[in-house]
**Student:** 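Can you keep this structure in mind? I'll have questions shortly.
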Amino acid sequence: MRYNPSEIEKKWQKFWDERNSFEPSENKTLPKKYILSMFPYPSGRIHMGHVRNYAIGDALARYWRKRECNVLHPIGWDAFGMPAENAAIKHGVHPKKWTYENIEYMRKELSSLGLSFSKEREFATCDPLYTKYEQAFFIDMWNRGLVYRKKGHLNWCPHDMTVLANEQVIDGKCWRCDTPIVQKEMHQYYIKITDYADELLEDLKKLEGGWPPQVIAMQRNWIGKSVGLEFSFLLDEESRKKSGFESFEVFTTRPDTICGVTYAAVAPEHPLVKALVENGLLDETTKEKIERMCRMPARERNIAEKEGVPLGIYALHPITGEKVPVWAANFVLMEYGSGAVMAVPAHDTRDYAFAKKYGLPIRYVVFPESGELPENEAYTEDGIVKGCGEFDGLKGQQARDAIIEWFEKKGLGKKVINFRLKDWGVSRQRYWGAPIPMVHCPKCGVVPQKKELLPVTLPDDVEITGEGNPLDHHPTWKFTKCPVCGGDATRETDTLDTFVQSSWYFLRYTTPRKYWEEVAFTKEDANYWMPVDQYVGGIEHAILHLLYARFFTKVLRDLGYVDVDEPFKRLLTQGMVLKDGAKMSKSKGNVVDPDALIEKYGADTARLFILFAAPPTQELEWNDSAVEGAFRFLKKLYDRAMKVESCGEMPRIDHKSLQKSEKDARRKVYEALLRGEEVYTERFTFNTLIAACMEALNALDRQKNPKVWQEGMWILLNLLEPVVPHICWELSEKLFCRANFGEIGTKDEVFEVESVKMGVSINGKPRAQIEVAPDASKEQILEAARKAASKWVEGKTIVKEIVVPNKLVNIVVK
RNA sequence: GCGGACGUGGUGGAAUUGGUAGACACGCCAGACUUAGGAUCUGGUGCCGCAAGGUGUGGAGGUUCAAGUCCUCUCGUCCGCACCA
């Protein structure tokens, strides 16, 4: 019998399917493992990234099932979003049809990989039943004051005709279609993620050890907490009269440098500037310069040269009372802090460059503890304050604290914490999304829909042209009654950002399908299964999805739906799959199609290759001949297994009576077993486990003892089942009636050896090898070592001798 | 600029607490079997050298009996953020 993957794989997939083999138990007294690979967007076909993602998750799920855990390993579909609408525009297919057909097709593709998903708990986020609860959460959040509506400058993608969150703007371009973003002013709904900024930051500590440091760092950076002093810059009397402003606020993280302030700078969009323009106090060229600065998009501003104009007004230094000029400058951002800064050219590189360009004074007030001030640049390090009256002599944090205290005592300013994180704008002017369940009533204003009327569903009869919002253009959909007064009203026509759906889908899975009509999920179920024990997905979600999901979990906790603080205990970020050094993409023409691969070699070969070629967190370079190698291993495994006699339990072997090659084989097998434990539970370096299994099979091949073969296969098939399930079920069924699929304990006897090989080094250089009894004394070992290395020892004085048991001997000679 | 990851044969990668660097696999070379094979099997394969030996984990120092692993500096690659006050 030759290895025939397509036959074996069909057989077992059918077997698993018919028996619903992978449904979790509802018995909550069992130890649980929640293993989750990020759910896919139903784009049409799976790609190698999916294969990798689900091969990793499936291996872990299958492993824990063997350890007698209750395993939740679900799959679903992140099904709302723009590609469905783009398909509608291009090909005239309805987004719903396009999406569900894609799901149908991709489900088949995934099932051909033999993944052990719970079929029962699968759903798509575009299912109205999912929308229903999402809308209910939104209303809960609105009622809690966590959602608000605001008119503001928004990132607008002219191609997709929609608003984007800051997180969705990459290099000033749309994250989806790469179109440059423009600023547009409009109303939209915001979720107050900033209310949770501190907790989102603090709780990153809880994730240390479980999440990659890189992802934690990226989130920390994105939240961007900075502590400093906020104070008012009073304007001098004349400037007050001119502008109608008393003062303006500034924020600084370096109050210790405050006495080095020689000017102040405000953003070109600052209200103070507007007032001066409106009062006709600026000449034409100044106004022109300001307008030009305002027009320049943010991403160009940060590469442009520092530029600014004096506004002809003066502020009073809060400590010295000195008059300092106020400038409008292109490097000051309106969106951060108060849109104005105190400028200390001596201790800030930006302020320095600006001061040099416009000939503004530079005054050093912080000096290094040792050494000299740098020449021709700002000194930005901490140091000792000099030239600042009562604060002289203080250094670094000490000085900062003292100065903040001084401001607070005098009531001139206060300690303030600023975050870079902005509230999450969730309105999208699109059709294929969850409708925002709000109603605009001429009498009652903007009010939430009644919960018993949820879900607010999408109308099917829409025309999708790519221009404007189809829901807004629909002839009847938006007309409704006000849930408060019952009068005529209109529905909100914006839909929710798709990241809202992916922010809680992992909670939906925790409750069995039969309850889905009544609840989003039960608290009991969520508390049993959460947090996800192992989450697996791409690094590209390091900020967006993972931050929103963490935030949502905390909000739902505060709303009383669940008790956990963090949704994902451990996170594994898989590397990309590359071909010819580049990410696989249609445009580059370097795509390897998973279907074709499975067709040719089978799912087990695909899974084996993808887990063997590189550790899961690293990039994986595609290599056709290495795929061939993976296939070869499976053929060999199958061929050798066919020669093993079947048995119902693990054979008992008298280890002492075995020949050396037989003992070696057993040792290799048990080494693989130990490696398996650590790979599946801690390290996830499946490549090393597979290598250990290959070594074990090679070692088994060098001996002929039928019992050693039986035991070896018993263990290897158990170890490899999570990676290559089909072939392992087939062979285990044939040989052991699958009795080998439980937990297997190690055996100390196989690691006992008659002799150990040790290296002998002279002055650290490996020179010879000795073989000694495992219980040999230090003296015996040294004697053997001196003899073996006599060539290098003769005529020299031995200075020192080190024996590392079972490893090596190092003799130091002179 | 800030933050993070990484650098080992022709290639992917092993080496978990410092202890014989290069496991396992790909590729390549030689051989066996075969009508043939992109099949299978055996042996070899870091580099220099006929050999003895030397040398070798991006580079330079250091700690140590011993460094891919620890420390300092440096070069390079990749990723994220970025005029954030």
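Because the structure is a prediction, the values reported are computed rather than measured. Protein chains get the first letters and strands the later ones, always in sequence-line order, with residue 1 at the start of each.
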**Student:** So, does the side chain of A/E678 form a donor-acceptor pair with the base of B/U16 at under 3.5 Å?
**Tutor:** yes

**Student:** Under the salt bridge (Lys or Arg N to Asp or Glu O under 4.0 Å) rule, what do A/K357 and A/E305 come out as? Steps first, then yes or no, please.
**Tutor:** CA-CA 10 Å; A/K357 179 166 174 180; A/E305 201 187 323; 3.2 Å; yes

**Student:** Taking any heavy-atom pair under 4.0 Å as a contact, classify A/P212: base, sugar-phosphate, or nothing.
**Tutor:** nothing

**Student:** For B/G22, which nucleotide in any strand shown is its Watson-Crick or wobble partner with both distances under 3.5 Å?
**Tutor:** none

**Student:** Between A/Q214 and A/R420, just flag the one whose closest nucleotide in RNA chain B comes earlier from the 5' side.
**Tutor:** A/Q214

**Student:** Would you call B/G44 syn or anti, using the 90° rule around 0?
**Tutor:** anti

**Student:** Strictly by Watson-Crick or wobble contacts shorter than 3.5 Å, is anything paired with B/G3, and which nucleotide is it?
**Tutor:** B/C79

**Student:** Hey, can you tell me if A/Y670 and A/F751 have their rings parallel, tilted or perpendicular (30° and 60° cut-offs)?
**Tutor:** perpendicular

**Student:** C1' atom, B/A39 versus B/C33: distance in rounded Å?
**Tutor:** 11 Å

**Student:** What distance, rounded to whole Å, do you find between the two C1' atoms, one in B/C29 and one in B/A21?
**Tutor:** 24 Å

**Student:** Which nucleotide, B/G27, B/U16, B/C24, lies nearest any side-chain atom of A/R675?
**Tutor:** B/U16

**Student:** Which one, B/C83, B/A52, B/G4, comes nearest to the side chain of A/A217?
**Tutor:** B/G4

**Student:** Would you indicate, yes or no, if B/A66 has its OP1 or OP2 atom less than 4.0 angstrom from a side-chain nitrogen or oxygen of A/R767?
**Tutor:** no

**Student:** Taking atom P in both B/U69 and B/U20, what distance in whole Å separates the two?
**Tutor:** 14 Å

**Student:** Could you tell me how far B/C26 sits from B/A36 if I compare only their P atoms? Round to whole Å.
**Tutor:** 24 Å

**Student:** Measure from CD1 on A/I258 to C1' on B/A85 and round the result to the nearest Å.
**Tutor:** 13 Å

**Student:** Find the partner of B/U42: check Watson-Crick (N1-N3 plus N6-O4 or O6-N4) and G-U wobble (N1-O2, O6-N3) distances, both under 3.5 Å, and reply none if neither fits.
**Tutor:** B/A30

**Student:** Which listed nucleotide (B/A25, B/A14, B/G53) is nearest to the side chain of A/F612?
**Tutor:** B/A25

**Student:** To the nearest angstrom, how far is A/E621 atom CD from B/A25 atom C1'?
**Tutor:** 15 Å

**Student:** Answer with base, sugar-phosphate or nothing: what part of the nucleic acid does A/E801 contact at a heavy-atom distance below 4.0 Å?
**Tutor:** nothing

**Student:** May I ask you to decide whether A/D701 forms a salt bridge with A/R640, counting only side-chain N to carboxylate O separations under 4.0 Å?
**Tutor:** yes

**Student:** For B/A66, give the paired nucleotide (Watson-Crick: N1-N3 plus N6-O4 or O6-N4; G-U: N1-O2 and O6-N3; both under 3.5 Å), or none.
**Tutor:** none

**Student:** Side chain of A/P213 only, heavy atoms from C-beta on: which candidate in B/G38, B/C24, B/A5 is closest?
**Tutor:** B/A5

**Student:** Given the C1' atoms of B/C73 and B/C79, what is the spacing between them in whole Å?
**Tutor:** 24 Å

**Student:** Given that A/I802 and A/T688 both sit by RNA chain B, which one's nearest nucleotide is further toward the 5' end?
**Tutor:** A/T688

**Student:** Can you tell me, in whole Å, how much space there is between the P of B/U57 and that of B/U8?
**Tutor:** 11 Å

**Student:** B/U77 and B/A82: how far apart are their P atoms, nearest whole angstrom?
**Tutor:** 22 Å

**Student:** Parallel under 30°, tilted from 30 to 60°, perpendicular over 60°: which one fits the rings of A/W327 and A/F354?
**Tutor:** perpendicular

**Student:** Does A/R702 reach a base, just sugar-phosphate, or nothing at all? Heavy atoms under 4.0 Å.
**Tutor:** nothing

**Student:** Please verify the inter-ring angle class for A/H545 with A/H541; under 30° counts as parallel, over 60° as perpendicular, anything in between as tilted.
**Tutor:** perpendicular

**Student:** Has A/R632 got a side-chain N or O lying under 4.0 Å from the OP1 or OP2 atom of B/C26?
**Tutor:** yes

**Student:** Is there a Watson-Crick or G-U wobble partner for B/C50 with both distances under 3.5 Å, and which nucleotide is it?
**Tutor:** none

**Student:** Using a heavy-atom cut-off of under 4.0 Å over every strand shown, decide if A/G337 touches base, sugar-phosphate, or nothing.
**Tutor:** nothing

**Student:** Would you classify A/W622 as touching base, sugar-phosphate or nothing, given that sugar-phosphate means primed atoms plus P, OP1 and OP2, and contacts are heavy atoms under 4.0 Å?
**Tutor:** nothing

**Student:** Taking the P atom of each, how far is B/U11 from B/G59, in whole Å?
**Tutor:** 15 Å

**Student:** Hey, does A/V760 reach any base, or is it just sugar-phosphate, or nothing, if we go heavy atoms under 4.0 Å?
**Tutor:** nothing

**Student:** Going by purine N1 to pyrimidine N3 plus the second Watson-Crick contact, or the G-U wobble pair, all under 3.5 Å, which nucleotide sits opposite B/A15?
**Tutor:** none

**Student:** Do the side-chain N or O atoms of A/N687 get closer than 4.0 angstrom to the phosphate oxygens (OP1, OP2) of B/A14?
**Tutor:** yes

**Student:** Is B/G37 paired to anything, Watson-Crick or G-U wobble with both distances less than 3.5 Å, and if yes, which nucleotide?
**Tutor:** none

**Student:** Return the pairing partner of B/C73 with a 3.5 Å limit on both distances, Watson-Crick or G-U wobble; otherwise return none.
**Tutor:** B/G59

**Student:** Decide, yes or no, whether a salt bridge links A/K791 with A/E794 under the criterion of side-chain N to carboxylate O below 4.0 Å.
**Tutor:** no

**Student:** Where the side chain of A/K306 is defined as all heavy atoms beyond and including C-beta, which of B/C81, B/C83, B/A85 is the nearest nucleotide?
**Tutor:** B/C83

**Student:** In whole Å, I'd like the distance from the NE2 atom of A/H347 to the C1' atom of B/C83.
**Tutor:** 19 Å

**Student:** Is A/K600 touching bases, backbone alone, or none of the nucleic acid, heavy atoms closer than 4.0 Å?
**Tutor:** base

**Student:** With respect to the side chain of A/I543, which nucleotide from B/G80, B/C24, B/G53 is positioned closest?
**Tutor:** B/G80

**Student:** What distance do A/K205 atom NZ and A/I216 atom CD1 have between them, rounded to the nearest 0.5 Å?
**Tutor:** 11.5 Å

**Student:** Go through B/G12, B/G80, B/G19 for me and flag the one nearest to the A/K807 side chain.
**Tutor:** B/G19

**Student:** Give a yes or no on whether a donor-acceptor pair under 3.5 Å exists between the nucleobase atoms of B/C65, that is its base, and the side chain of A/N810.
**Tutor:** yes

**Student:** Does a salt bridge link A/E671 with A/R667, judged by any charged N lying under 4.0 Å from a carboxylate O?
**Tutor:** yes

**Student:** Consider the side chain of A/L808, meaning its heavy atoms from C-beta on, and name the nucleotide among B/G54, B/C26, B/G19 that approaches it most closely.
**Tutor:** B/G19

**Student:** Please check the phosphate of B/C84 (OP1 and OP2 only) for any side-chain N or O of A/T253 closer than 4.0 Å.
**Tutor:** no

**Student:** For A/K757, report the nucleic acid contact type (base, sugar-phosphate, nothing); a contact means any heavy atom under 4.0 Å.
**Tutor:** base

**Student:** Rounded to the nearest Å, what distance is computed from the OH atom of residue A/Y680 to the P atom of nucleotide B/U16?
**Tutor:** 20 Å

**Student:** Might you confirm whether atom CD of A/E771 has over 12 heavy atoms from other residues, nucleotides or ligands at distances under 6.0 Å?
**Tutor:** yes

**Student:** Provide, to the nearest angstrom, the distance between the CD1 atom belonging to A/I223 and the P atom belonging to B/C84.
**Tutor:** 19 Å

**Student:** Tell me: CD of A/E335 to P of B/A82, nearest whole Å?
**Tutor:** 11 Å

**Student:** In whole Å, what is the span from the OH atom of A/Y638 to the P atom of B/U40?
**Tutor:** 16 Å

**Student:** Determine the contact category for A/N698: base if any of its heavy atoms lies under 4.0 Å from a base atom, sugar-phosphate if only primed atoms, P, OP1 or OP2 are that close, otherwise nothing.
**Tutor:** sugar-phosphate

**Student:** Are any of A/K668's side-chain N or O atoms less than 4.0 Å away from OP1 or OP2 of B/A23?
**Tutor:** no

**Student:** Can A/E779 and A/R786 be counted as an ion pair, charged N to O under 4.0 angstrom?
**Tutor:** yes

**Student:** Looking at B/C84, B/C26, B/U16, which one has an atom nearest to any side-chain atom of A/R683?
**Tutor:** B/U16

**Student:** Any base atoms under 4.0 Å from A/K225, or only sugar-phosphate, or nothing? Heavy atoms, all strands.
**Tutor:** nothing

**Student:** From C-beta outward on A/V804, which listed nucleotide comes closest to its side chain: B/G12, B/C24, B/G19?
**Tutor:** B/G19

